[in-house]
Asks: 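Supplied in structure tokens, the structure appears directly below.
What's counted below: heavy atoms across the whole structure, side chains too, no hydrogens, waters or symmetry copies. Just so it is clear: chains get the letters A, B, ... in the order the sequence lines come, proteins before strands, and each one is counted from 1.
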Number of protein chains: 2
Amino acid sequence: MTDINSKETPTRPGDEPIKSSASALPDPSLIDLIELFFFAYRDFTQDPDAILTEFGFGRAHHRVLHFVNRYPGLRVADLLEILKITKQSLARVLKQLVDKGIIEQRPGKSDRRERRLFTTAEGQKLATRLMEPQLSRITQALKSSGIESDQTSRKFLYNMINSSDHEAVLELFSRSRSKQELKG
Amino acid sequence: MTDINSKETPTRPGDEPIKSSASALPDPSLIDLIELFFFAYRDFTQDPDAILTEFGFGRAHHRVLHFVNRYPGLRVADLLEILKITKQSLARVLKQLVDKGIIEQRPGKSDRRERRLFTTAEGQKLATRLMEPQLSRITQALKSSGIESDQTSRKFLYNMINSSDHEAVLELFSRSRSKQELKG
DNA sequence: AAAATAAGTCAACATGACTGACATAAATAG
DNA sequence: CTATTTATGTCAGTCATGTTGACTTATTTT
């Protein structure tokens, strides 16, 4: 790959980087990271967006579908926490997904107020199809970025998340591994 | 930090990971990365969003302001390429930024059709303020993610970008280093 | 002089957020 | 067992930000 890491301003060994004394001027290479993050996310969403258009869905539908497919039995309240949007905002896209037979709702077994969410067979198919280009992109990016990239980039992204949400993220991930699918 | 990299399914040395034969089932830890990327971006944008509200601006204004501030003398066409939005969409937010004295336009010196974009003093102040929380977040994330994180995460993000845009990104970054500010 | 380019503008529309208020059913607490 | 809380749904209105399509103006290039 092309080397974008041209921080090779030659330094004598043991030297601290010379800060322009009065500075507080941000490191340009850190600002690059802001922009890289923007560009990466911009392109990351673009392949699924194209597919969604075929189905008359948008990015909001994708997010709901993805999380419901990955974490079957999710409650509406869980989804609101994950997506950090309002109930009214979620309601619209969720209704459309249910109406088109992508997602189905079942009352909670122990608490019948809850609506546990599940993907239908069709929903699983679509979710998988939407995941494909994103997984390819990630796989390719990890391959091109060196062997340590997986662990390191994973940690980096994790640490970019509000630490107040770290616990919730870990809990969520652990849920994807447990095969008890919290059914009904 | 909490270890989210629990890929320690013990393997005998030299072993390939055992794929469930018929599979093509995606690696769960790769799917985690999809979600980490979503969560990270969700939180990454949240601090500036709060500040922008004070000014009656939105995320779209932020993007324009950021790039104009970082790359003074940018043309409208450049901005359209960077943001990948339509001219009409840009026009609205750009007009508001100009009206509020955040950005100013000067006709190009050699081509007077062009409108070169620059931040005003006030614009620079706001751009800096919006950058601050994002830089803190990135700095903290890099620190928490190990010494190799900077180079590696930078490469990872770069490789998440469409390769067709790699050249443009590199060119852009080189522009931020050249002190000839392409004035008017 | 004609064509291409950079930018701006008008109009209509879609998506996905938001706030605020209120409704229903079911679970839990006093 | 009644009262309250909780989980969810819904109506109504608004805003921000994106889209398409058509057209104008100024300027440069051919």
Asks: By nearest nucleotide on DNA chain D, pick out whichever of A:Lys95 and A:Asp111 is the more 5' one.
Replies: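 Final value for this comparison: A:Asp111.
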Asks: So does B:Arg112 get a side-chain nitrogen or oxygen closer than 4.0 Å to the phosphate oxygens (OP1/OP2) of D:dT28?
Replies: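 True: B:Arg112 side-chain N/O within range (under 4.0 Å) of D:dT28 OP1/OP2.
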Asks: Mark yes or no for whether B:Arg42, through its side chain, and A:Ile82, through its backbone, hold a donor-acceptor pair below 3.5 Å.
Replies: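 Yes.
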Asks: Checking A:Ser149 against A:Thr152 for the side chain to side chain contact (heavy atoms under 4.5 Å, CB included) test, could you report, in this order, the C-alpha distance in whole Å, the side-chain angles of both residues, the deciding distance, and whether it holds?
Replies: CA-CA 5 Å; A:Ser149 181; A:Thr152 305; 6.0 Å; no
Asks: Quick check: does any side chain N or O of A:Arg115 sit under 3.5 Å from a backbone N or O of A:Arg106, one acting as donor and the other as acceptor?
Replies: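 Here the side-chain-to-backbone pair does not exist.
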Asks: Is any side-chain N or O of B:Lys87 under 3.5 Å from a base N or O of C:dG8, one able to act as donor and the other as acceptor?
Replies: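 Checked by distance alone, the answer is yes.
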Asks: Mind checking B:His61 for me? I need base, sugar-phosphate or nothing, with any heavy atom below 4.0 Å counting as a touch.
Replies: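 The residue B:His61 makes sugar-phosphate contact but no base contact.
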Asks: In this structure, how many angstroms lie between the P atom of C:dG16 and the CG atom of A:Leu83, rounded?
Replies: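 Answer to the nearest Å: 12 Å.
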Asks: Return the 5'-most residue of the pair A:Gln88, B:Ala91 with respect to DNA chain C, ranking by each residue's nearest nucleotide.
Replies: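 Comparing both residues, the 5'-ward one is B:Ala91.
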Asks: B:Arg177 vs A:Ser29, test: side chain to side chain contact (heavy atoms under 4.5 Å, CB included). Steps then yes/no.
Replies: CA-CA 10 Å; B:Arg177 268 68 173 184; A:Ser29 81; 3.9 Å; yes
Asks: Over how many whole Å does the gap from A:Asp49 atom CG to C:dA14 atom C1' extend?
Replies: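 Computing the A:Asp49:CG to C:dA14:C1' distance gives 14 Å.
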Asks: Does B:Thr86 place a side-chain N or O at less than 4.0 Å from the phosphate oxygens OP1/OP2 of D:dT19?
Replies: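 Result: yes.
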Asks: Atom CG of A:Leu90 to atom C1' of C:dT15: distance rounded to whole Å?
Replies: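 After rounding, the reported distance stands at 15 Å.
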Asks: Nearest to the A:Arg63 side chain among D:dT19, C:dA17, D:dT8, which nucleotide is it?
Replies: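 Closest nucleotide among those given: C:dA17.
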Asks: Between B:Leu80 (CG) and D:dT20 (P), how many Å, whole number?
Replies: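 In whole Å, D:dT20 P and B:Leu80 CG are 13 Å from each other.
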Asks: Which is more 5' along DNA chain C, the nucleotide nearest A:Ala60 or the one nearest A:Arg113? Just name the residue.
Replies: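 Closest to the 5' end, via its nearest nucleotide, is A:Ala60.
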Asks: Between A:Gln105 and D:dG9, is there a side-chain N or O to OP1/OP2 distance below 4.0 Å?
Replies: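 Yes.
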Asks: Does B:Arg92 put a side-chain nitrogen or oxygen below 4.0 Å from OP1 or OP2 of D:dT17?
Replies: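 The answer is no; no side-chain N or O of B:Arg92 sits under 4.0 Å from OP1 or OP2.
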Asks: Closest to the B:Ile85 side chain: C:dG8, C:dA17, D:dT19?
Replies: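 Comparing C:dG8, C:dA17, D:dT19 against the side chain of B:Ile85, the answer is D:dT19.
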Asks: Nearest whole angstrom, please: distance from the C1' of D:dT6 to the CG of A:Asp78.
Replies: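 Those two atoms, CG and C1', are 14 Å apart.
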Asks: Decide, yes or no, whether a salt bridge links B:Arg175 with B:Asp78 under the criterion of side-chain N to carboxylate O below 4.0 Å.
Replies: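 Yes.
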Asks: Name the closest nucleotide to the B:Arg115 side chain, picking from D:dG18, D:dT27, C:dA7.
Replies: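 Closest nucleotide to the B:Arg115 side chain: C:dA7.
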Asks: I need the CZ-P distance between A:Arg116 and D:dG9, as an integer number of Å.
Replies: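 From A:Arg116 CZ to D:dG9 P: 13 Å.
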Asks: What is the distance from CG of A:Leu94 to P of C:dA17, rounded to the nearest Å?
Replies: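 Between P of C:dA17 and CG of A:Leu94: 13 Å.
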Asks: Tell me: CZ of A:Arg75 to P of C:dA26, nearest whole Å?
Replies: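 Whole-Å distance recorded here is 17 Å.
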